[in-house]
Colleague: 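Mind having a look at this structure? Questions to follow.
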Number of protein chains: 2
Amino acid sequence: MATEQPRAFQSVWTRPRAGREQPALSREQIVAEALRLLDEEGIDALSMRKLGGRLGAGATSLYRHVANKDELIELAVDEIYGEIEVSASPDPANWRTDMTRCAHSLRATILRHPWLASVLGELGMSYLGTNWMRVSEAMLNLLTTARFPAAEADRALSTLVAYVTGMATSEAAWLNVLARSGQDEQTAVERLWPAAEEAAQDHPLLRESYSDQRGTDPRAAREEGFQYGLDRVLDGLETRLK
Amino acid sequence: MATEQPRAFQSVWTRPRAGREQPALSREQIVAEALRLLDEEGIDALSMRKLGGRLGAGATSLYRHVANKDELIELAVDEIYGEIEVSASPDPANWRTDMTRCAHSLRATILRHPWLASVLGELGMSYLGTNWMRVSEAMLNLLTTARFPAAEADRALSTLVAYVTGMATSEAAWLNVLARSGQDEQTAVERLWPAAEEAAQDHPLLRESYSDQRGTDPRAAREEGFQYGLDRVLDGLETRLK
DNA sequence: GCCAGCTGCGCACACCGTACGCTGGGCGCT
DNA sequence: AGCGCCCAGCGTACGGTGTGCGCAGCTGGC
């Protein structure tokens with residue numbers, strides 16, 4: 001801090017305090033603040049400078065704790081995976097409801113942090129993150145105790161995960177669009193309507209499907225659509241049981 | 001090309017030719033070149049300057065034909081969707097094989113252009129692109145002629161699409177990692193092995209699943225895994241038929 | 001022959017990720 | 001007690017990025 005600006009009246013009050021006034025700067029702190037920034041303003045707003053600023057630090061200070069921006073994001077993502085709940089009920093016969101709850105938890109987590117959608121495709125799944133491994137192991141356990149053929153449990157798992165992430169990703173992308181436009185979901189749908197109708201002009205089935213959904217609560221429709229697909233996937237998996 | 005340096009000796013030979021020597025610059029041309037660049041070097045390599053350079057034009061010239069980079073990407077994505085084949089066999093009873101072929105075509109398209117994965121999450125699905133609409137309509141047609149309950153066909157469609165994109169996205173992300181590291185898939189897996197094994201130390205089921213896959217051809221395993229999940233999803237959908 | 005309109009371009013701005021080398025405080029050793 | 005090392009944090013700088021703006025020159029219509 002010894003560098004001198006043309007600052008006029010340097011005094012005890014303007015001069016930075018000696019010593020580390022904050023508990024310094026830690027990887028956990030950085031990731032936590034990054035998450036706050038991401039949740040508030042989305043993926044585009046995350047820059048090393050802004051993040052450093054929020055922590056009362058310079059941009060390049062962060063590099064002492066994190067190799068680069070990509071690694072920071074990887075850490076943030078796995079931190080989020082920590083929010084996913086996988087609870088196994090005592091009776092393995094309840095595997096369907098367990099899996100259902102788990103799938104909803106995964107979806108809800110993604111929708112709570114829609115910026116995830118933008119990075120999942122560049123990251124795969126950061127398969128080796130500790131929190132994700134915890135989730136996979138728990139779900140794998142759920143499936144095997146439900147007497148899923150041992151060699152199949154992992155494939156069943158990735159089937160379900162693919163469905164949930166695929167669905168939630170496209171929902172999250174839509175939420176991102178909403179957030180950027182600042183509109184309410186209901187009114188955004190209404191505004192998109194004419195464009196959609198025109199685009200679907202030569203496609204009778206699509207047009208009918210659209211007009212059937214007109215007026216329904218879009219959020220509820222998303223939820224119901226998710227549940228429908230989830231039920232189908234679980235139906236499909238169930239055929240392999242026993 | 002016609003671009004001018006700080007020229008010393010202006011002459012007929014250095015002076016830009018009169019008239020448009022190229023068919024100028026069109027949106028189609030721009031999108032086509034963008035696709036070439038994306039396929040060759042991935043999403044990070046796509047910059048307006050580089051793209052302009054490849055077309056013998058300045059970066060900002062592109063903005064005459066495209067509103068901004070995001071719109072350009074949207075166009076590129078829908079262009080890619082044009083590669084998806086949806087063929088309906090004459091007999092509606094074959095809906096499963098039709099859907100299977102279609103799902104494989106979608107997956108193959110994504111894997112042929114792995115940069116798609118990075119972008120799908122920010123785009124949703126660019127639902128209104130003409131090519132995507134063509135694909136949806138065709139698949140919807142396939143499902144309804146297979147006697148799917150009319151109100152359900154669209155939900156069935158999005159279930160299947162969610163599964164396929166979810167699966168293919170995570171595969172594509174892996175392919176992106178591979179491409180960046182320049183390694184062969186087989187050797188990359190082998191190199192990742194120790195890290196994976198250590199990360200899975202406290203997770204017996206994961207560890208077993210890993211070691212079961214050791215030595216198998218990873219590419220074939222991906223294909224088989226995809227087919228497995230696809231069969232399950234179709235099983236699940238089939239329960240709703242009739 | 002002239003004029004309008006449009007295309008492409010150069011420049012500029014604000015911002016990005018991050019390599020590098022300095023500084024100054026805290027800690028452990030002598 | 002004194003010294004020296006280590007290392008967190010910072011300032012600066014470099015080579016990029018997307019894109020707004022206003023100019024120049026060609027082209028087609030009169």
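In what follows, every heavy atom counts, from backbone to side chain, and hydrogens, waters and symmetry copies are set aside. Below, chains carry the letters A, B, ... as their sequence lines are ordered, and counting in each starts from 1.
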Colleague: side-chain contact (heavy atoms from CB on, under 4.5 Å) with S181(B): which residues, sequence neighbours excluded?
Modeller: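 By the side-chain contact (heavy atoms from CB on, under 4.5 Å) rule, S181(B) matches Q183(B).
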Colleague: Starting at CZ of R27(B) and ending at C1' of dG8(C), how long is that distance when rounded to a whole Å?
Modeller: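 For the pair R27(B) CZ and dG8(C) C1', the rounded distance is 17 Å.
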Colleague: Please list, chain by chain and in numerical order, all residues satisfying salt bridge (charged side-chain N to carboxylate O under 4.0 Å, His left out) with E198(B), sequence neighbours excluded.
Modeller: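 Salt bridge (charged side-chain N to carboxylate O under 4.0 Å, His left out) check on E198(B) returns nothing, list empty.
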Colleague: Atom CG of L25(B) to atom P of dG8(C): distance rounded to whole Å?
Modeller: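 Checked: the CG to P distance equals 5 Å.
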Colleague: Mind checking what makes salt bridge (charged side-chain N to carboxylate O under 4.0 Å, His left out) contact with E83(B), not counting sequence neighbours?
Modeller: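 Salt bridge (charged side-chain N to carboxylate O under 4.0 Å, His left out) check on E83(B) returns R112(B).
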Colleague: Among R222(A), R191(A), R219(A), which residue satisfies the salt bridge (Lys or Arg N to Asp or Glu O under 4.0 Å) criterion with E185(A)?
Modeller: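 Among R222(A), R191(A), R219(A), the one that satisfies the salt bridge (Lys or Arg N to Asp or Glu O under 4.0 Å) with E185(A) is R222(A).
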Colleague: Using a heavy-atom distance cut-off of less than 4.0 Å, which residues of residues 30-43 of chain B contact DNA chain D?
Modeller: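 Nucleic-acid contacts, sorted: none.
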Colleague: So, is S61(A) close to the dA8(D) phosphate, meaning a side-chain N or O under 4.0 Å from OP1 or OP2?
Modeller: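 No, S61(A) has no side-chain N/O under 4.0 Å of OP1/OP2 on dA8(D).
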Colleague: Under the rule for salt bridge (charged side-chain N to carboxylate O under 4.0 Å, His left out), what residues qualify as partners of E33(B), not counting sequence neighbours?
Modeller: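 For E33(B) the salt bridge (charged side-chain N to carboxylate O under 4.0 Å, His left out) partners, ignoring immediate neighbours, are R36(B), R54(B).
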Colleague: When you check every protein heavy atom under 4.0 Å of nucleotides 16-22 of chain D, what one-letter string (B, S, -) results, 5' to 3'?
Modeller: -BBBB-B
Colleague: Which residues pass the salt bridge (charged side-chain N to carboxylate O under 4.0 Å, His left out) test with R155(A), not counting sequence neighbours?
Modeller: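 Counting only residues at least two positions away or on another chain, R155(A) forms a salt bridge (charged side-chain N to carboxylate O under 4.0 Å, His left out) with E224(B).
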Colleague: Rounded to whole Å, how long is the line connecting atom CG of L62(A) with atom P of dT18(C)?
Modeller: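 These atoms are roughly 11 Å apart.
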Colleague: What residues form a side-chain contact (heavy atoms from CB on, under 4.5 Å) with A45(A), not counting sequence neighbours?
Modeller: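 By the side-chain contact (heavy atoms from CB on, under 4.5 Å) rule, A45(A) matches E41(A), K50(A).
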Colleague: Suppose we screen for side-chain contact (heavy atoms from CB on, under 4.5 Å). Which residues come up paired with N131(B), at least two apart in sequence or across chains?
Modeller: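 Here the qualifying residues are D78(B), Y81(B), R134(B).
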Colleague: Rounded to the nearest Å, what distance is computed from the CG atom of residue L55(B) to the P atom of nucleotide dT7(C)?
Modeller: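 Answer to the nearest Å: 16 Å.
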